[in-house]
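By convention here, the first residue in the shown sequence is residue 1.
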Amino acid sequence: MPYRNSPEITFFGFVWVLSSIAGLAAMLRTGREITARLVVMSLLNSGMFGLGMSLWLYDKLDHYQLGAVAIFSGLGGMTLIELFFQKWMKMRN
């Protein structure tokens, strides 16, 4: 399978990991009780947000800039999700 040795697949996997870790760091700074569901949610959502942003900008930026975009997208994605959940919980109460 030739796609398994593709440098782009490896790079985008690395981008997903970077943005996931950034999103997890943003989630840990909120001070909420840590549950397995919350950790998985932050890893997946931030990773996909960072991956989507870097796929969108792949032709416009070099790899180092894409890595930085992925980190900031992971942080911003988790912050955006946290804001949404806070507003949703206020509306429920």
| request: Ignoring hydrogens and angles, tell me if any N or O in the side chain of Ser20 forms a donor-acceptor pair with the backbone of Leu43 under 3.5 Å. | output: yes
| task | Looking only at non-hydrogen atoms, find the nearest pair between Ala26 and Leu75 and report the distance. | result | CB-CD2, 3.9 Å
| query | Shortest non-hydrogen contact from Ala70 to Ser19? | reply | O-CB, 3.1 Å
| field | Non-neighbouring partners of Asp59 that pass side chain to side chain contact (heavy atoms under 4.5 Å, CB included), sequence neighbours left out | value | none
| said: Through direct or indirect side-chain contacts below 4.5 angstrom among Ile, Leu, Val, Met, Phe, Trp and Tyr, which residues connect to Leu57? | reply: Phe11, Phe12, Val15, Trp16, Val17, Ile21, Val40, Leu44, Met48, Phe49, Leu51, Met53, Leu55, Trp56, Tyr58, Leu61, Leu66, Val69
| task | To the nearest 0.5 angstrom, please state how far the CG atom of Leu24 sits from the CD1 atom of Ile34. | result | 8.0 Å
| query | How far does OG of Ser54 sit from CD1 of Ile71, to the nearest 0.5 angstrom? | reply | 11.0 Å
| note | On a heavy-atom basis, the closest approach of Met27 and Leu38 is SD-CD2, 3.5 Å
| Set of side chain to side chain contact (heavy atoms under 4.5 Å, CB included) partners for Arg92, sequence neighbours left out | Trp88, Met89
| request: Taking all heavy atoms of Gly50 and all of Ser73, pick out the closest pair and write down the distance. | output: CA-CB, 3.6 Å
| task | Please lay out, stage by stage, how Met41 and Thr35 fare under the test side chain to side chain contact (heavy atoms under 4.5 Å, CB included). | result | CA-CA 10 Å; Met41 181 194 72; Thr35 63; over 6 Å; no
| Rounded to the nearest 0.5 Å, how far does CG of Leu18 lie from CZ of Phe72? | 11.5 Å
